[in-house]
Colleague: 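I have a structure I would like to understand better, so I am pasting it below and will then ask my questions one at a time.
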Amino acid sequence: MSLDGTYDDGNIFAKILRGEAPAVRVFEDSHVLSFMDVFPQAKGHCLVIPKHSTARNFLEEAPEVIGPLMLAVQRVARATRAALDPDGLMITTFNGAASGQTVYHLHVHIIPRWDGVPLGRHGGGMADMEELKALAAQIAAKVA
Ligand code: 5GP
């Protein structure tokens, strides 16, 4: 699977959207769902995905989905800043295997960064669930 291909509704994010797989949720509205990345590259790493989409990546997505998605990304990023006080935040999408993409339902990463703290490995170790829930609650409380 890379830049070109067919959307597979068996992907893990489609399962999360259908309630078939668990997720530590941060925020949702009628357009998007935001949840904690279970293999975080930094404390507070979360994802925002469109709910009504079969786009595998950012390039494929319909303009009318991009608008509400990116507005939600900004909302969650602002909440993350308010909750965790990072020195910076990475907001990224990986498009195609060559870029590092591993899940083929469009998603935007929000990754808080602190000076002097190296970025964790993409697809590294699994987070502690209780810690993820606490972080999600902290971020959710700051969504304005
Ligand atoms: P990609 O590599 O496609 O840009 O990002 C996929 C992200 O999804 C990775 O950061 C990975 O840690 C995360 N991820 C993979 N499987 C799961 C899962 O089952 N639950 C959650 N919450 N995140 C996942």
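The first residue in the sequence is number 1, and the count goes up from there. Remember, it's 1-based here, ligands and their atoms both numbered in the order they're listed.
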Colleague: Distance-only, no hydrogens or angles: does the Gln101 side chain make a donor-acceptor pair with backbone N or O of Gly96 under 3.5 Å?
Modeller: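 Checked: pair present.
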Colleague: Give the atoms of ligand 1, by number and element, whose distance to some non-hydrogen atom of His122 is under 4.0 Å.
Modeller: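 Reading through ligand 1 atom by atom, the close ones are 1 (P), 2 (O), 4 (O), 5 (O), 10 (O).
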Colleague: Could you find the nearest protein heavy atom to atom 16 (N) of ligand 1 and give me its residue, atom name and distance?
Modeller: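 Its nearest protein heavy-atom neighbour is Phe39 CE1, 3.9 Å.
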Colleague: Among all the protein's non-hydrogen atoms, which is closest to atom 9 (C) of ligand 1, and how far away is it?
Modeller: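 Going atom by atom, the protein heavy atom closest to atom 9 (C) of ligand 1 ends up being Asp37 OD2, 3.3 Å.
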Colleague: For a ring-ring contact (aromatic ring centres under 6.0 Å, His included) check, start with the C-alpha distance between Phe13 and Tyr104, then their side-chain angles and the critical distance, and finish with the verdict.
Modeller: CA-CA 8 Å; Phe13 295 168; Tyr104 288 83; over 10 Å; no
Colleague: Heavy atom of His107 under 4.0 Å from ligand 1?
Modeller: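 A heavy atom of His107 does come that close to ligand 1.
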Colleague: Can you list the atoms of ligand 1 that are under 4.0 Å from a heavy atom of Thr102?
Modeller: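 Listed by number with element: 1 (P), 2 (O), 3 (O), 5 (O), 6 (C).
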Colleague: Would you say that more than 12 heavy atoms from the other residues, nucleotides or ligands in this model lie under 6.0 Å from the CZ of Arg81, or not?
Modeller: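 It does not: Arg81 CZ has 12 such atoms or fewer within range.
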Colleague: Is the ring centre of His122 less than 6.0 Å from the ring centre of Phe94?
Modeller: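 Close enough - the centres of the two rings lie under 6.0 Å apart.
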Colleague: Provide the number and element of each atom of ligand 1 under 4.0 Å from a heavy atom of Ile12.
Modeller: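 It comes down to these atoms of ligand 1: 18 (C), 19 (O).
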Colleague: For ligand 1, which is the ligand I care about here, please tell me if Met36 has any N or O atom under 3.5 Å from one of the ligand's N or O atoms.
Modeller: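 It does: an N or O of Met36 is found under 3.5 Å from an N or O of ligand 1.
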Colleague: Quick check: do Leu119 and Arg113 have side-chain heavy atoms less than 4.5 Å from each other?
Modeller: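 Side chain of Leu119 against side chain of Arg113, heavy atoms only: contact under 4.5 Å found.
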Colleague: May I have the step-by-step check of side-chain contact (heavy atoms from CB on, under 4.5 Å) for Thr54 and Glu60, ending in yes or no?
Modeller: CA-CA 9 Å; Thr54 54; Glu60 286 181 359; over 6 Å; no
Colleague: Tell me the protein heavy atom at minimum distance from atom 18 (C) of ligand 1, and give that distance in Å.
Modeller: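 Protein heavy atom with the smallest distance to atom 18 (C) of ligand 1: Val38 CG1, 3.7 Å.
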Colleague: Can you pull out the closest protein heavy atom to atom 8 (O) of ligand 1? Residue, atom name and distance to 0.1 Å, please.
Modeller: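 Atom 8 (O) of ligand 1 sits closest to the protein heavy atom Phe13 CZ, 3.3 Å.
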Colleague: What are the two closest non-hydrogen atoms of Val32 and Ala72, and how far apart are they?
Modeller: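 So the minimum-distance heavy-atom pair works out to CG2-CB, 3.5 Å.
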Colleague: Considering distance alone, does some N or O of Val103 sit under 3.5 Å from an N or O of ligand 1?
Modeller: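 Such a contact does occur with ligand 1.
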Colleague: Would you check whether Gly100 has a nitrogen or oxygen atom less than 3.5 angstrom from a nitrogen or oxygen atom of ligand 1?
Modeller: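 Checking ligand 1 against Gly100, an N or O pair does fall under 3.5 Å apart.
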Colleague: Any heavy atom of Tyr104 closer to ligand 1 than 4.0 angstrom?
Modeller: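 It does not; every heavy atom stays at 4.0 Å or beyond.
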Colleague: Does the gap between the ring centers of His109 and His45 come in under 6.0 Å?
Modeller: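 Yes, the ring centres sit under 6.0 Å apart.
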Colleague: Using a plain distance cutoff, I'd like to know if Gln101 has any nitrogen or oxygen under 3.5 Å from a nitrogen or oxygen of ligand 1.
Modeller: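 There is no such contact.
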Colleague: Between Ile110 and Met90, is a side-chain contact (heavy atoms from CB on, under 4.5 Å) present by the stated rule, with each step listed?
Modeller: CA-CA 6 Å; Ile110 299 172; Met90 289 167 51; over 6 Å; no
